[in-house]
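Excluded from the calculations below are hydrogen atoms, water molecules and symmetry mates; all remaining heavy atoms, backbone and side chain alike, are included. This chain uses plain numbering: 1 for the first residue, then up along the sequence. Both counts, for ligands and for their atoms, begin at 1 and track the order of listing.
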Amino acid sequence: MTRHDAIVIGAGVNGLVAATVLARAGLDVCVIEQSDRLGGMATLSVDDGPELAHLVHNLSPRVRRDIGLDPHRWPFRQTALPTVALDESGRHVIVTRNAVTFADGTAHPDARACLALTARLRRYGELLRMLAEAAPPGGDAPLASARGLRQILRLGRFGLGLRGLGRAEARRFLQVLLSNAYDLIRDDLPEGPLAGMLAADAVRGIAQGPRSPGTVFTLIHRYGHGGVAALPQGGMSAVVDALAQAARDVGCTLRTGVRATGIQLQDDRVCAVTTASGETLLTSRVLVGSGPRLAAELVGAGAFDIEAMRRIGRIRARGVAAKVNLRLDRMPDVPGLNADQLRGRLVFAPGADYVEAAFNPAKYGEMSDNPVIEAVIRDEGAIWLSAVVQYAPSDLNGGWSDAARAALARRTLATLGRAIPGLDARVRETQVIAPDAIAAATGAPGGHWHHAEMTLDQILTLRPANGIGRYAIGPRGLFLCGASTHPGGDVMGLAGRNAAREVLG
Ligand SMILES: Cc1cc2nc3c(=O)[nH]c(=O)nc-3n(C[C@H](O)[C@H](O)[C@H](O)COP(=O)(O)OP(=O)(O)OC[C@H]3O[C@@H](n4cnc5c(N)ncnc54)[C@H](O)[C@@H]3O)c2cc1C
């Protein structure tokens, strides 16, 4: 029997980050991963096609610092990828942090309004970032303890940041924070591809439409760490390789093909993890990277009080994002876009209403007729168009049969074809990774992007549920560290980093 100071179950982005933070504090850490690859959901792929996650939006600089990531291993040359808001008439719009123009370089009439809105979202994002970079406030830390004082300081900094916005802007921030993205966007922008792009960004990966309350929060979350999207060279696996190397550099043991089947307790305290192969790994701290239901299953419901089990059972996690990968025989010709522009972040969402209409069928278990798509085209040996497609609900009526996957591929192609004529003739291979396959491969509930929906009742101290919002769960020594915890998913690592700091605290 081997003994470790801590065991992390699941080598997703958050598990790897959590392990590294713990090891840098001097703990002997072992990560066990059920599949034969590292990176969890982010690196899930089929037959050497593109991975599930294709863009890094938000890998927190704080995380990079706290895991001592070697900048030379970081697989980015270009940090910010321009967004191309695709337009059916060929008047595509190029959006960067500082400019909004038509693709032919001519001025866009809504450039000023769009830049002002995104700059505002970034300012708000800075505020939410202060909350994201720590465990949510609350818990039972006495005010006079070091932890209590840290919380007060953090809230004080947040208050100062709010004041720094100025009185009018601070009031506006508080007014819009819990409201819907549609109204916020349409207050400043007319209907069209720019409004559509922002609406799509507000709801990416979540089972909500831009008119759903709270989607301003998720839009700000998208912009919370700079609001840029970056395309890693070598795909998401290269990002995960860098994270894994950072973990190994500080002595973490990373084991793949090892499935946790139980967590043993002694005197209501974690004492060991058992695996499918019959091993027992002794430890006094376990971090679970894949959600509270897995934690409860592994420990056994008896270790939780009835109310906690009820809350865990009611956490909403309905995945709606699927991945459609198209291998092309050559780069497509897109009227109105040059070759460089075609390598940007391509968003097909012709308007905010379009995004809301795409969401409607998903409420009733149907996939969108006209989906919202975020795509990138990668040319690294083979040419792949890699598309995140919404809405493709995990609880699809009739299930995710071959016919359903084929229908999603057809709709994706038809939708992209509205802005990229002749795309279908370029396609040599099609891959569809639907939420059911994501759930089966990773254990993520509903194949959900964030493991748990990002609604107002499941964020901050309430994430993933009231009473388990600060990473510790159930018996002593047991913690959550995955996307279902504050501040949520993405290839961001903050959930894992915050969880590890709670363990150390
Ligand atoms: C279609 C789609 C596209 C996406 N695209 C992007 C994108 O472009 N950019 C972005 O930033 N984010 C993207 N995301 C979201 C992002 O991939 C996730 O939020 C993030 O990877 C979650 O990481 P995690 O470490 O919290 O969880 P996971 O990656 O789910 O890791 C959990 C790990 O635990 C393992 N595990 C589970 N049970 C056990 C067990 N019993 N024993 C051992 N191991 C176990 C699983 O195998 C898994 O490896 C996308 C998500 C989806 C669904």
Side-chain angles (χ1 to χ4, degrees), residues 7-19 30-45 50-60 81 204-206 221-222 225 229-232 235-236 239-240 243 255-263 273-277 286-291 293-295 297-298 317 319-325 345 373-376 386-390 392 394 432-435 437-452 454 480-485 487-497 499:
I7 293 180
V8 177
I9 297 176
V13 169
N14 282 308
L16 290 173
V17 168
C30 176
V31 183
I32 57 172
E33 164 57 47
Q34 62 181 1
S35 79
D36 56 4
R37 90 203 130 72
L38 302 173
M41 197 190 275
T43 53
L44 183 63
S45 68
E51 297 100 336
L52 204 66
H54 54 201
L55 288 173
V56 173
H57 297 272
N58 269 340
L59 192 98
S60 161
L81 204 62
R204 185 153 304 106
I206 59 175
H221 176 82
R222 255 294 140 259
H225 298 268
L231 188 64
M236 206 51 79
V239 174
V240 167
L243 296 177
R255 296 180 60 190
T256 54
V258 180
R259 187 163 66 84
T261 48
I263 295 174
V273 173
T274 51
T275 72
S277 64
V286 176
L287 289 80
V288 177
S290 192
R293 276 181 213 155
L294 176 66
E297 260 169 52
L298 291 176
V320 289
K323 193 71 198 301
V324 178
N325 297 321
R345 179 176 82 109
I373 298 173
E374 176 195 75
V376 292
S386 150
V388 172
V389 182
Q390 262 177 258
S394 51
V432 175
I433 313 178
I438 301 170
T442 65
H448 195 286
W449 184 297
H450 298 280
H451 291 188
M454 294 280 270
L480 300 174
C481 71
S484 70
T485 61
D490 280 4
V491 178
M492 178 162 73
L494 270 173
R497 176 255 190 197

**OP:** Check each atom of ligand 1 against the heavy atoms of I438 and keep those under 4.0 Å away; list them by number with element.
**Re:** 53 (C)

**OP:** Identify the residue among L287, N14, V288 that makes a side chain to side chain contact (heavy atoms under 4.5 Å, CB included) with V8.
**Re:** L287

**OP:** Could you give me the CA-CA distance, side-chain angles and deciding distance for V432 and K323, then say whether side-chain contact (heavy atoms from CB on, under 4.5 Å) is met?
**Re:** CA-CA 6 Å; V432 175; K323 193 71 198 301; over 6 Å; no

Subject >> Options L52, V288, I7, L55, ranked by nearest heavy atom to atom 2 (C) of ligand 1, top entry >> reply: L52

Original post:
If you count the atoms of ligand 1 from 1 in the order shown, which ones are under 4.0 Å from a heavy atom of G489?
Top reply: 19 (O)

Original post:
Applying a strict 4.0 Å limit to heavy atoms, is G289 in contact with ligand 1?
Top reply: yes

Original post:
CD/E51 to CD1/I433 distance, rounded to the nearest 0.5 angstrom?
Top reply: 9.5 Å

Original post:
Does ligand 1 have an atom that lies less than 4.0 angstrom from a heavy atom of R259?
Top reply: yes

**OP:** Examine ligand 1 and decide if any of its atoms is less than 4.0 Å from a heavy atom belonging to A321.
**Re:** yes

**OP:** Could you tell me whether the side chain of R37 reaches within less than 4.5 Å of the side chain of L44, counting heavy atoms only?
**Re:** yes

Subject >> Under 4.0 Å to a heavy atom of I32 - the qualifying atoms of ligand 1, by number >> reply: 43 (C), 44 (N)

**OP:** Considering the heavy atoms of H451, write down every atom of ligand 1 situated less than 4.0 Å from one of them.
**Re:** 26 (O), 27 (O), 28 (P), 30 (O)

Original post:
Is the closest heavy atom of G10 to ligand 1 under 4.0 Å?
Top reply: yes

**OP:** Taking salt bridge (charged side-chain N to carboxylate O under 4.0 Å, His left out) as the test, write out the residues that go with R204, two or more places apart.
**Re:** D201, E374

Original post:
V13 heavy atoms, cut-off 4.0 Å: which ligand 1 atoms fall inside?
Top reply: 25 (O)

Subject >> pair R345-H54: side-chain heavy atoms closer than 4.5 Å >> reply: no

Original post:
When you measure from atom 25 (O) of ligand 1 to each heavy atom in T485, V320, N14, which option holds the nearest one?
Top reply: N14

**OP:** Heavy-atom contacts with H54 under 4.0 Å: which atoms of ligand 1 show up? List them by number with element.
**Re:** 7 (C), 8 (O)

Original post:
Are any of the N or O atoms of M236 closer than 3.5 Å to those of ligand 1?
Top reply: no

Original post:
Which atoms of ligand 1 are found less than 4.0 Å from any heavy atom of V258?
Top reply: 43 (C)

